[in-house]
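Sequence positions, counted from 1, serve as the residue numbers for this chain. A quick note: this is a predicted structure, and the numbers were derived from the prediction, not measured.
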Amino acid sequence: QVRLVESGGGSVQAGGSLRLSCAAIGYTYVSYCVGWFRQAPGKEREGVARISSGGSFTYYADSVKGRFTVSRGNAKNTLYLDMDRLKPEDTGMYYCAADSDLGLCTGLSGGFGRSDFTYWGQGTQVTVSS
């Protein structure tokens, strides 16, 4: 069974940085499209960034482009999200997600919505104060 465990959330002031990690327990990300989502109170879960199995394809939501960077660890079982120049509107619960449909990351299939990904972590809270 695929299990994802996020860590690295916390509270920072606007302009600060955080690094989120997502460990894959029992498997590697080699054959999965993986991504980060976030959900603010009262809002729907939205896709933030995703990266293909080989790392060649990345996608960022417009709201985070130029500030966030998604990457995979060398051990192939860790996913990262480096967040710089954080804003109060980045506040929310951040989730990592994975799916075996590699087309999700290349744009050949599906989209970047909650229903497109099968496996989810429990989430880690990010709070940015002004």
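Contact check for L79 versus Y32: no side-chain heavy atoms found under the 4.5 Å cut-off. Annotation: side chain of E6 is not in contact with side chain of L81 (no heavy-atom distance under 4.5 Å). Looking at heavy atoms from C-beta onward, R38 lies out of side-chain contact with Y95 at the 4.5 angstrom threshold. Within the 4.5 Å cutoff, no side-chain heavy atoms of V34 are placed close to those of F117. Between Y60 and V70, some side-chain heavy-atom pair lies under the 4.5 Å cut-off. Using a 4.5 Å heavy-atom cutoff, the side chains of Q125 and T91 are in contact. Using a 4.5 Å heavy-atom cutoff, the side chains of Y80 and L20 are not in contact. Using a 4.5 Å heavy-atom threshold, the side chains of R72 and I51 count as touching.
For the pair R3 and W120, the cation does not sit on the ring face, since its NZ or CZ is not both under 6.0 Å from the ring centre and inside 45° of the axis. Under the 6.0 Å distance and 45° angle rule, R114 does not count as a cation-pi partner of F37.
In this structure, a donor-acceptor pair under 3.5 Å is absent between the side chains of R50 and Y59.
Here the closest non-hydrogen pair linking P88 and S130 is CG-CB, 3.9 Å. The minimum heavy-atom distance linking R19 with D82 is given by the pair NE-OD1, 2.8 Å. For A49 against F112, the heavy-atom pair with the smallest separation is O-CZ, 3.3 Å.
Taken to the nearest 0.5 Å, the CG atom of D101 stands 7.5 Å off from the SG atom of C33. Once rounded to the nearest 0.5 Å, the distance linking OG1 of T118 with CG of D99 reads 3.5 Å. Taking SG from C105 and CG from D116, the interatomic distance works out to 11.0 Å, rounded to the nearest 0.5 Å.
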Run the side chain to side chain contact (heavy atoms under 4.5 Å, CB included) check on I25 and L4 step by step: do they pass? CA-CA 6 Å; I25 309 300; L4 306 175; over 6 Å; no
Salt bridge (charged side-chain N to carboxylate O under 4.0 Å, His left out) between D90 and K87, intermediate numbers included: CA-CA 5 Å; D90 294 318; K87 304 176 180 179; over 6 Å; no
Side chain to side chain contact (heavy atoms under 4.5 Å, CB included) evaluation trace for W36 with C22: CA-CA 9 Å; W36 288 96; C22 178; 3.7 Å; yes
Indicate every side-chain donor-acceptor pair of residues 7-17 with a distance under 3.5 Å to a residue at least two apart or in another chain.
| from | atom 1 | to | atom 2 | distance (Å) |
| --- | --- | --- | --- | --- |
| S17 | OG | D84 | OD1 | 2.9 |

